[in-house]
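Source: prediction; values computed, not measured. First the proteins, then the strands, lettered A, B, ... as listed; each starts at 1.
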Protein chains: 2
Amino acid sequence: MSVTEAAPRASERAYRALRDEIVRWELAPGTVLAEVELAARLGMSRTPVREALARLVSDGLAVAVGGRGLAVAPMDLDQVRDVYEVRQALETHAARLAARRGDPGVFAALADELAATTTSADADPGHVAYYDLVARLDAAVDAAAGNPYLAAALAPVRTHLARIRRAAQHDPARLAAAAVEHRTIAAAIAAGDADLAAHATHVHLHHSLQHAVANVARTTQEPPA
Amino acid sequence: MSVTEAAPRASERAYRALRDEIVRWELAPGTVLAEVELAARLGMSRTPVREALARLVSDGLAVAVGGRGLAVAPMDLDQVRDVYEVRQALETHAARLAARRGDPGVFAALADELAATTTSADADPGHVAYYDLVARLDAAVDAAAGNPYLAAALAPVRTHLARIRRAAQHDPARLAAAAVEHRTIAAAIAAGDADLAAHATHVHLHHSLQHAVANVARTTQEPPA
DNA sequence: CCCCGGCTCTCTGTATGCACAGGGCCCGTA
DNA sequence: TACGGGCCCTGTGCATACAGAGAGCCGGGG
């Protein structure tokens, strides 16, 4: 009955574990990814680890270093800008499609939730509830777009974004503004206004990128405090 | 000295071989991809074949069937439309970036070549010269955009497109029109007109999709003649 | 003291072996 | 004859074994 399939395959577990560790900066950019070490740490053989590493490379989360050996992909401002460019191209399009094809009720409900949610650090230190809500909006957009190729192209971009987000500081002012932007997007989709949904997404990504660039600049190697 | 690195790794050879066979319809949609059989046919062990199959799955060229076993991804009209949607989102954006960042000389030269090329079936039965020219334009756009994430997202889409193209008929009228459309795109990028480049790309993809839909409809399972 | 050459040693890439699970087929029964 | 159950067998997923290549290191020579 679980929504996400169990899929207890070792290679899948390895992929998710490594991806999450990279996103959480537990594996910092530049960290070498040695197969034997990872296999030992994850309690499996090299074979599924190799498969997981291949997926990380295709996601752009791991890069070949020196022709031999892999490392966690570095993070610099150019890379952040590039990721946001692709994200803008795909998400504005997805927002358009969702506005045309989505169920208005779903997005109206999400807009209401976004209006009611709090972004204060006191109530929710990690902002898990807020980010979960945003993730649900993303998922609803993907589902409404109904395009598996779009979702597949967006998935690695979203993973990169999650890593970038950890480097940027979650200051309350930005979070409150982002909540309003997300609410605007959800409302536009609910209203079936494709242009507005696309433009609101563009605006949101612009502000998000500005904030990320300003904050990532000083923390390209070490995780946030 | 080769432009494309040799990389004689078996897994890479397997990936390219299978991908090309799928694109050429030598492996028709629905064909089961058994590891042992492929390993024997390609003259290697199952290990690199497994790696190649994993990449094909992540590209969307192979799909799991029945929980166990893989098959060449099927092709239907909805899928073609979905691929073109993603292609439109990414390529219009890439064209914009190329117009802003690209070297005008490169694209002016490509526009001239596109103006001079012939699309007659008599001179070039497989239209290899023409498609090679288009591929060079795509590569130039990717290079000018200078965004590895964009290029990575576009690569599997372009592979799908190549397979779709085989199902559509190459009638001379469409090819001549496409050549003009491509020339317009190249000229717009050379002129640094981002809007025009994006819109010309949109128009081209619209016509290309219309043509593909009209022709793929009757050949979803068998390769073209 | 610095530089170069060879050696070793680790790490990747590939091959092979093993176990489990799912599906198909055959046989028995109603 | 049609249906159900159980067995076999193929095929995947994982583990392990093997070979080659590149990097680092140590020693010798200038």
Looking at side-chain heavy atoms only, is the closest gap between Leu110(B) and Glu113(B) below 4.5 Å? yes
Separation of Arg50(B) atom CZ from dT12(D) atom C1', in whole Å? 6 Å
Tell me whether Asp138(A) is salt-bridged to Arg158(A), with the criterion being a basic N under 4.0 Å from an acidic carboxylate O. yes
Return the value, rounded to whole Å, for the distance between atom CZ of Arg13(A) and atom P of dG13(D). 14 Å
How many Å lie between CD on Glu12(B) and P on dG13(C), as a whole number? 11 Å
Measuring to OP1 and OP2 of dC14(D), would you say a side-chain N or O of Ser11(A) lies under 4.0 angstrom away? yes
What's the CD-P distance between Glu35(A) and dT14(C), to the nearest Å? 11 Å
Measuring to OP1 and OP2 of dT14(C), would you say a side-chain N or O of Thr47(B) lies under 4.0 angstrom away? no
Comparing nearest nucleotides in DNA chain C, the 5'-proximal residue of the pair Glu51(B), Arg46(B) is Glu51(B)
Would you indicate which nucleotide in dT14(C), dT12(D), dT12(C) comes nearest to any side-chain atom of Ala34(A)? dT12(C)
Arg9(A) has an atom CZ; how far is it from atom P of dA15(D), in whole Å? 13 Å
Looking at Arg68(B) and dG22(C), is any side-chain donor or acceptor paired with a base atom of the opposite kind under 3.5 Å? no
Rounding to a whole Å, what distance do you find between Glu37(B):CD and dT12(D):C1'? 15 Å
Sugar-phosphate only, base, or nothing, as touched by Leu33(B) at under 4.0 Å among non-hydrogen atoms: sugar-phosphate
Closer than 4.0 angstrom, basic N to acidic O: yes or no for Glu85(B) and Arg100(A)? no
With the threshold set at 4.0 Å, does a side-chain nitrogen-carboxylate oxygen contact exist between Arg55(A) and Glu51(A)? no
Between Gly69(B) and Met44(A), which residue's closest nucleotide on DNA chain D lies nearer the 5′ terminus? Gly69(B)
